[in-house]
Number of protein chains: 2
Amino acid sequence: MAKTTRRTDGLSKELIVKAATDLLDGGGEAALTLRALTTHLSTGYGAIYHHVANRGDLLAAATDDVIARVMTGVVIDADPRDALRAVALGLFDTIDAHPWVGAQLSREPWRPALLEIYESVGRLLDAFGVPEQALVDAAGALVHYILGAAGQNAANSQILADSETDRSDFLSAVAARWSRLDPDQYPFVHKAATQLREHDDREQFLAGVDIFLAGVATLR
Amino acid sequence: MAKTTRRTDGLSKELIVKAATDLLDGGGEAALTLRALTTHLSTGYGAIYHHVANRGDLLAAATDDVIARVMTGVVIDADPRDALRAVALGLFDTIDAHPWVGAQLSREPWRPALLEIYESVGRLLDAFGVPEQALVDAAGALVHYILGAAGQNAANSQILADSETDRSDFLSAVAARWSRLDPDQYPFVHKAATQLREHDDREQFLAGVDIFLAGVATLR
DNA sequence: ACCTGAACACCGTTCAAGT
DNA sequence: ACCTGAACACCGTTCAAGT
């Protein structure tokens, strides 16, 4: 049977990372098991551990890979505001497409993935006119907002993917639960429930970026 | 031996959640194992599963508990700006003290924990003068920033706790690595390296809150 | 109702042995 | 150098059996 024949071509870290990404995209972080990887690559455990230190290393490498792909597309000679919005939205969409990346990014802050993000955001904020002494704080804040919002959104998508209910049913259910709350005790959430159903995640995310940029503009 | 005698008082979800919180605070999310719980509470698996659906339920209940404790202290009749800073800092400090809460909060958005947070932030932004049609976007953005920044900070603390190196050694090591980067390819990160050693996480976090509030103020 | 603990079906990782 | 796969030390969860 073809399934049990040993692979003839050589294995590589790149190949393993690619297979890991496929598993992660298909079923979330829990789907990346060494056993699934060996069958997927029709090889043994030792082969994988020969190219990769452990599961955590593999997860980190896959994250770096995904982020590097989106960050290389960053255009620098556009208007800084447009470029910042583009970078933010690019990260949002990438994390939406690869939800496991969201949780992973906060794990190892010195990794290439986060470095690329800070560099792009910091440089664009510089071009945007943020004074030098405020630049680090501003970049940190914007990166935290982007990753926080994208991570939350990704977690929501993950829940939707797992539960097999579709998006509008899910939002309706949450909205219904929220509007059932006591308006005296929860005035804000009670009111927000009506807006929940028709809201667009990407638009809300960009609205947040704009609020942040308006705040940053007051520093100039 | 006392260790193996069966407990005489009854078990309860509250007691189990408390024990789980102790384990989580002591060794992070990986430290919460059902085996550790049974020995900690000197009981069996069935006893725990009688009060709690599964490990995820326990993790969620512990998170709700921690967040409820910090959110009940929110003062509402202060200046909205001060109150917002206080809520933000309270969450930051709580997540710093219980790092596992950071990752957990993004997992189940309809849970009481996140509900309390949205309600407080939304109400305070309303008092701050944010126009109604922008309120949901603004609250979402601020909550995402708070949780993103606090979560990242908590992840860093977790790494420090695991690696047994102290904070200033760790920051020095990262700063050294960053200043070794090519200044042409990484102008921002290269420059930021010098500021890394003396920066204060809480102050940087509050600077981000202020940037955000300045942006929100332009909506009024 | 509340609890016990052996058993089950999984994990990641190691390592002697092969080519 | 590169790879195999049995074995090990863990997991969360179940469930027949006890009080």
Side-chain angles (χ1 to χ4, degrees), chain A residues 1-24 26-63 100 103-104 107-108 158-159 162, chain B residues 1-24 26-63 100 103-104 107-108 158-159 162:
Chain A
M1 284 189 285
K3 275 241 173 142
T4 54
T5 48
R6 188 184 149 177
R7 56 182 305 117
T8 48
D9 51 338
L11 213 49
S12 68
K13 179 151 182 175
E14 202 191 329
L15 267 175
I16 297 172
V17 168
K18 215 204 149 310
T21 304
D22 288 346
L23 288 171
L24 289 161
E29 202 188 305
L32 178 63
T33 68
L34 270 294
R35 268 153 249 267
L37 253 190
T38 54
T39 54
H40 206 76
L41 292 165
S42 49
T43 182
Y45 299 111
I48 288 167
Y49 278 93
H50 190 264
H51 294 277
V52 154
N54 51 41
R55 186 177 179 274
D57 181 34
L58 191 49
L59 219 32
T63 303
W100 48 275
Q104 197 53 31
R107 218 99 75 187
E108 305 191 330
Q158 197 80 281
I159 292 162
D162 291 351
Chain B
M1 285 190 283
K3 276 240 172 145
T4 54
T5 49
R6 188 185 151 177
R7 56 182 304 119
T8 49
D9 51 335
L11 212 51
S12 68
K13 179 151 181 176
E14 202 191 330
L15 268 174
I16 296 172
V17 168
K18 210 197 152 316
T21 304
D22 287 347
L23 288 172
L24 288 162
E29 201 188 306
L32 177 63
T33 68
L34 270 294
R35 269 154 249 267
L37 253 191
T38 54
T39 55
H40 205 77
L41 292 166
S42 48
T43 183
Y45 299 111
I48 289 166
Y49 278 93
H50 189 265
H51 294 277
V52 154
N54 51 42
R55 187 176 178 273
D57 180 36
L58 191 49
L59 218 33
T63 302
W100 48 276
Q104 198 52 31
R107 218 99 74 187
E108 305 191 330
Q158 198 80 280
I159 293 163
D162 292 350

Inset, instruction - Anything below 3.5 Å on both distances counts as a pair; with that, list the stems of at least three consecutive Watson-Crick or G-U pairs involving DNA chain C. - result: C:4-8 with D:12-16, C:12-16 with D:4-8
Legend entry - Nucleotide C:dT4, atom P - distance to CG of B:Leu34 in whole Å: 13 Å
Inset, instruction - Would you jot down, in residue-number order, the residues of residues 48-61 of chain A having a non-hydrogen atom under 4.0 Å from DNA chain C? - result: A:Tyr49, A:Asn54, A:Arg55
Inset, instruction - Give B:Leu37 one of three labels, base, sugar-phosphate or nothing, depending on what nucleic acid heavy atoms sit under 4.0 Å from its own. - result: nothing
Inset, instruction - Hey, could you give me the NZ/CD1 distance between B:Lys13 and B:Ile48, rounded to the nearest 0.5 Å? - result: 13.0 Å
Inset, instruction - Measure the spacing between CG of A:Leu24 and CG of A:Leu32 and express it to the nearest 0.5 Å. - result: 4.5 Å
Legend entry - Atom pair CZ/CD of B:Arg107 and A:Gln158 - distance to nearest 0.5 Å: 10.0 Å
Legend entry - Closest listed nucleotide, where the reference is the side chain of A:Thr33 and the choices are C:dC3, C:dG12, D:dC11: C:dG12
Inset, instruction - Would you indicate whether the side-chain heavy atoms of A:Trp100 and A:Thr21 approach each other to under 4.5 Å? - result: yes
Legend entry - Interatomic distance where CD belongs to A:Glu29 and C1' belongs to C:dC11 [whole Å]: 13 Å
Inset, instruction - Quick one: pull up CD1 in A:Ile16 and CG in A:Asp57 and give me the separation to the nearest 0.5 Å. - result: 10.0 Å
Legend entry - Minimum-distance nucleotide (side-chain atoms of A:Tyr45 versus C:dT14, D:dG12, C:dG5): C:dT14
Legend entry - Interatomic distance, A:Ile16 CD1 vs D:dC2 P [rounded to whole Å]: 11 Å
Legend entry - N or O in side chain of A:Arg35 less than 4.0 angstrom from C:dC11 OP1/OP2: yes
Inset, instruction - Between D:dC11, D:dT13, D:dC3, spot the one nearest the side chain of A:Thr43, thanks. - result: D:dC3
